[in-house]
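Accompanying notes for the structure given below.
Hydrogens, waters and symmetry mates are skipped; everything else that's a heavy atom, side chains included, is used. Not measured: the values here are computed from a predicted model. Here, residue 1 is the first one in the sequence, and each next residue gets the next number. Whatever order the structure lists them in is the order used to number ligands and atoms, beginning at 1.
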Amino acid sequence: MMRIKTVNEWLKEKYGTKVYRLSLTSGCTCPNRDGKISYGGCTFCSEGGSGDFATSDIDEAKKKVNGKFPKSIPENQRKYIAYFQSYSNTYGDPDRLYELYSSVLFRPEIVILSLGTRPDCIDDSVVGMLKKLSAIKPVWVELGLQTVHEETARRINRGYTLEVFEKAYRVLRNAGITVIVHVILGLPGESEDMMLDTVRYLSQLNPVLEGIKIQLLHVLKNTALEKEFRIKPFRIFTMEEYCHLVIKCLKILPSETVIHRMTGDGSKKLLVEPQWSGDKKKVINYLNNLIAKS
Ligand code: SF4
């Protein structure tokens, strides 16, 4: 059987208990949406900036996930990751962001700060801020690479080149920050081999890749991608095709890479395609079966 390390297993080993994510917002926007780079954003990005469940209120976020904890874990012993997911959470005044993130990290129930952002929102002042924060507790930075192919990056209006990603990745890793890279399978115009190229590239990164989120492309309502899909439909994976491709990705990655996600995580209300991905339990079961047989 293929051995993979999921983030839940990793967290349980490290913290001895379940650790859940709180989806939070920092008030940052995104340079790919506010006009600094473009107004359109990445074509797949929803109005919520790819964080449709997020809130700015940490106690409200806790209430949302508390039902997931086993009853045996008393409320005052529950541990959480503060996950700032929507938009670009290092795009803003570093002093304001330091205040916000450090106040979150000083809360005893928060064990990790995780910030979703873009590689072009990592500069010296941001790295300095992240280093200061990581002296309090571990900090993860999630970079949305999605693909190594420049033609696809242009087509989805990603707004930066692979070179920009590489530089940000190295700077962050050399500063001791954990980097988790997002990849999307199913981007328009990409063959399976092109998608695997992205995973091959990540598997050879130096310093080594610590974590990956493998995501299924979601076509969401009111996005540029939805328009593109309606005008000129592109290939949408079946559940079986997608899961078999995920297995190929997992086989390429070094066994130490922590797998943070293997499916999409979009809002069901906004989901246009693939409709099967709304049944997340079914997808995860199918994937786990394949992993067990591989
Ligand atoms: S970088 Fe993130 S928030 Fe910005 S447009 Fe792309 S997906 Fe949306």
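- Every atom of ligand 1 with a heavy atom of R118 under 4.0 Å away is listed here by number and element: 1 (S).
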Next item on the list: Tell me, with the steps shown, if F229 and F234 meet ring pair (Phe, Tyr, Trp, His ring centres under 6.0 Å).
Entry: CA-CA 6 Å; F229 181 71; F234 45 84; 5.1 Å; yes
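- For C45, every N, O or S atom stays at 2.8 Å or more from atom 4 (Fe) of ligand 1.
- Dense packing is recorded around NZ of K62, with more than 12 heavy atoms of other residues, nucleotides or ligands lying under 6.0 Å away.
- Set against the non-hydrogen atoms of R33, the atoms of ligand 1 under 4.0 Å away are 5 (S).
- Using a cutoff of 4.0 Å between basic side-chain nitrogens and carboxylate oxygens, E151 and R155 are not scored as salt-bridged.
- No donor-acceptor distance shorter than 3.5 angstrom exists from the side chain of Y91 to the backbone of D120, with no hydrogens or angles considered.
- Residue-ligand proximity, G41 to ligand 1, at heavy-atom distances under 4.0 Å covers atoms 5 (S).
- Centroid-to-centroid, the aromatic rings of Y80 and Y15 stay 6.0 Å apart or farther.
- Salt-bridge annotation for K131 and D124: absent, with no side-chain N of the basic residue lying under 4.0 Å from a carboxylate O of the acidic one.
- With a heavy-atom cut-off of 4.0 Å, R158 does not touch ligand 1 at all.
- Close approach of ligand 1 to C30 is summarised as follows: ligand atoms under 4.0 Å from at least one heavy atom of the residue are 1 (S), 3 (S), 4 (Fe), 5 (S).
- Proximity of C42 to ligand 1, defined as any heavy-atom pair under 4.0 Å, is shared by backbone and side chain alike.
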